[in-house]
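All remarks here apply to the structure that follows.
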Amino acid sequence: MNSYQMYIGGEFTSGATTKMMDVYNPATGEVFAQVPEATRQDTQSAIAAAREAFDKGDWRHSTGIQRATVLFKIAAALRENATRLAELETLNMGKPLTESEYDLADAATCFEYFGGWATKIFGEVNPVPDNAISMTMKEPVGVCGLIIPWNYPLLMAAWKLAPALAAGCTMILKPAEATPVTVLELAKILDKIEELPKGVVNIVTGYGEVAGAELSENYSVDKVAFTGSTEVGRLIMKAAADTNLKKVTLELGGKSPNIFFADSDFEAAVEGALFGCFVNQGEVCSAGSRILVQKPIYEKFVEAMIAKTKMIKVGPGMNRDNKLGALVTTEHLERVSGYISKGKAEGADLVYGGERLGGDLANGYFVSPAIFAGVNNQMTIAKEEIFGPVASVIPFEDEAEAVAIANDSPFGLAGAVWTRDIFRAFRVVKAVRAGILWVNHMQPTYCEAPWGGYKQSGTGRELGRYGIENFLESKQVHINLNEGPMGWY
Ligand code: NAP
Ligand code: MG
């Protein structure tokens, strides 16, 4: 069994107490690795290492080229080790191997993309009306706490580490307790990069209530970048407000509408509905879990969804035939199953799936993808984020009703609209209050384009130029060009 250590101040360590926690393979229910359980004190050591590296080290004064070199080296090492890391991601998280391979490639691309930004951070000259030069200079925000979820373990780490490094920050990364393995493998990669000073990147494993809470409460942390649930996002913002008002960016949950008009390309639409909702076992923040279908095609659409879902193979992610793997933990399986029961109890019509899989799969956390028809937007399964393969199919009459249902949610992360009418597509894009809108597609994500939510889906944006701005402060500098006293008295 693999046993891992944390990475603090450029050293691998098991922490002060050497207490270890088990990491499970969700496809078998077996323990496959152990990682240290960080205490508050361990987290404080990591924060102190990052603080010292920021305040006394050279990293924040390094050139863009120096930081870009580090980022490109990380990307190259990820690509070299992609096969092994993708396997570990699947063993730890449960997703199909092909998806882990995509994630690895995306993570490497993310480091390359922000490697490009490292040399393109510059301020501006402000056109003030006096005889003066007013400039805005950009500086790294400081020590950053990076807290990430379990659904894309290495990719979510890349989304935060890459821009923070490009900006010249120092950081402490806390992976989710269920999925620390690939992030700790990344620590080994970082350790070999000579140009990366000790203490710039620190990695602590352990519980959110301990390590995560310390990062959000600690006065030496200048910023927290968080991806996870709305519930925990609220705690982090509160902790920041109650302590040092550290900067906070939040990427939170969603209940995204995927809207299908009667004129859409039917085959593409059905595939888009299923992919949008079931990819990555539905453990996707932008999952199109509310499938809104216009009444003239509703019946036919639900039938086609059922027929196609029957073809989707569920099983261990290591087997390339499987399109859906195991859910991440046994607790999460129970949570998802609880929503399925609630859907039935509230009168939605479970027309397919939603069962825990037995036989060979009985020890793993497998559930068959579930389709609920006849859902109305007030039911729990349409209101709350399930974060599993559960589709709620909701009928609608016309465009106005589709938009009203789409917007009737506390969330606003993403949405999609399917139609051949470009005028309607743009009307819906403008009317839906969400941070990402797809037309005739769902889920493509690029590090070149901003990602984040309206309403309770978060605050701030990651990726694109917003991604780098998140880790920068703006300093206004005024240079007086008048000689002599200004004549105040
Ligand atoms: P979560 O329970 O909120 O956990 C996210 C991270 O926060 C984990 O590292 C967790 O540690 C930590 N944490 C837990 N309690 C904490 C506390 N009191 N203080 C500080 N940190 C704490 O979410 P999850 O179950 O891992 O992930 C699912 C959620 O993430 C969904 O709601 C999904 O929509 C959201 N998500 C959003 C995006 C996006 O871009 N908007 C992307 C992916 C996922 P532990 O693991 O130890 O509990
Ligand atoms: Mg937890």
Side-chain angles (χ1 to χ4, degrees), residues 145-152 156 159-160 176 208-209 212-213 215-216 223-242 245-259 276-277 280 282-292 332 335-336 338-339 342-343 375-388 390-392 394 402-417 428-438 442-443 445 449-463 466-467 470:
L146 314 176
I147 305 176
I148 57 170
W150 44 257
N151 58 343
Y152 292 87
M156 289 295 108
W159 279 26
K160 297 200 175 359
E209 297 79 359
L215 290 175
S216 24
K223 178 198 163 78
V224 169
F226 171 78
T227 297
S229 60
T230 296
E231 186 191 354
V232 174
R234 223 181 279 283
L235 293 177
I236 287 173
M237 203 174 231
K238 206 175 264 180
D242 287 344
L245 281 176
K246 54 180 65 69
K247 274 72 190 164
V248 174
T249 43
L250 303 173
E251 301 289 345
L252 309 176
K255 194 74 199 176
S256 299
N258 199 358
I259 307 169
C277 185
N280 208 48
E283 295 167 324
V284 179
C285 52
S286 54
S289 50
R290 290 189 294 151
I291 297 171
L292 278 52
H332 191 56
R335 204 178 101 100
V336 171
Y339 275 112
K342 195 146 207 179
V375 177
N376 82 55
N377 203 45
Q378 305 314 315
M379 291 176 178
T380 307
I381 54 168
K383 285 209 296 212
E384 296 182 12
E385 183 177 46
I386 300 174
F387 223 59
V390 183
S392 291
I394 304 172
V403 167
I405 296 171
N407 283 333
D408 180 17
S409 169
F411 297 112
L413 184 58
V417 51
V428 174
V429 162
K430 287 169 82 172
V432 173
R433 299 194 59 225
I436 302 129
L437 261 297
W438 290 287
M442 194 172 210
Q443 302 308 358
T445 303
W451 185 268
Y454 283 28
K455 301 196 268 181
Q456 292 181 41
S457 288
T459 153
R461 293 290 179 275
E462 293 192 291
L463 306 181
Y466 301 83
N470 275 339

Item to complete: Sequence neighbours left out, what passes side-chain contact (heavy atoms from CB on, under 4.5 Å) with P410? Give chain and number order.
Response: Q456
Discussion item. Check this for me: Q378, atom CD, are more than 12 non-hydrogen atoms of other residues, nucleotides or ligands nearer than 6.0 Å?
Written reply: yes
Worksheet item: Would you say I236 and I147 make side-chain contact, with heavy atoms under 4.5 Å?
Response: yes
Discussion item. My understanding is that only residues two or more places apart in sequence, or in another chain, count here; which of them pass side-chain contact (heavy atoms from CB on, under 4.5 Å) with V403?
Written reply: N407, V428, A431
Fill in: Distance in Å, T380 OG1 paired with K342 NZ, rounded so as to fall on 0.5 Å steps
4.5 Å
Practice prompt. Would you give the length of the straight line joining atom NZ of K160 to atom CG of L146, rounded to the nearest 0.5 angstrom?
Written response: 7.5 Å
Worksheet item: Which distance, rounded to the nearest 0.5 Å, do you find between the CD1 of I148 and the CZ of F226?
Response: 11.0 Å
Fill in: Inter-residue atom distance I405.CD1 - L292.CG, 0.5 Å rounding
5.0 Å
Fill in: Check: I394 and N377 side chains under 4.5 Å, non-hydrogen atoms
yes
Practice prompt. Mind checking side-chain contact (heavy atoms from CB on, under 4.5 Å) for E283 and listing every partner two or more places apart, or none if nothing turns up?
Written response: M93, W150, N151, N280, Q281, L327, V328, H332, F387
Practice prompt. With sequence neighbours excluded, tell me which residues meet side chain to side chain donor-acceptor pair (under 3.5 Å) with K455.
Written response: none
Worksheet entry | With sequence neighbours excluded, residues passing side-chain contact (heavy atoms from CB on, under 4.5 Å) with S409 | K255, R290, F411
Practice prompt. Say whether T249 and E462, considering side chains only, have a donor N or O and an acceptor N or O under 3.5 Å apart.
Written response: no
Item to complete: Side-chain contact test, heavy atoms from C-beta onward, threshold under 4.5 Å: evaluate it for T459 versus M237 and give yes or no.
Response: yes
Practice prompt. Could I get the full list of side chain to side chain donor-acceptor pair (under 3.5 Å) partners for E385, not counting sequence neighbours?
Written response: none
Item to complete: Measure the OG-CG distance between S229 and L235 for me, rounded to the nearest 0.5 Å.
Response: 8.0 Å
Practice prompt. Nearest 0.5 Å please: distance from the OH atom of Y339 over to the CD atom of E384.
Written response: 4.0 Å
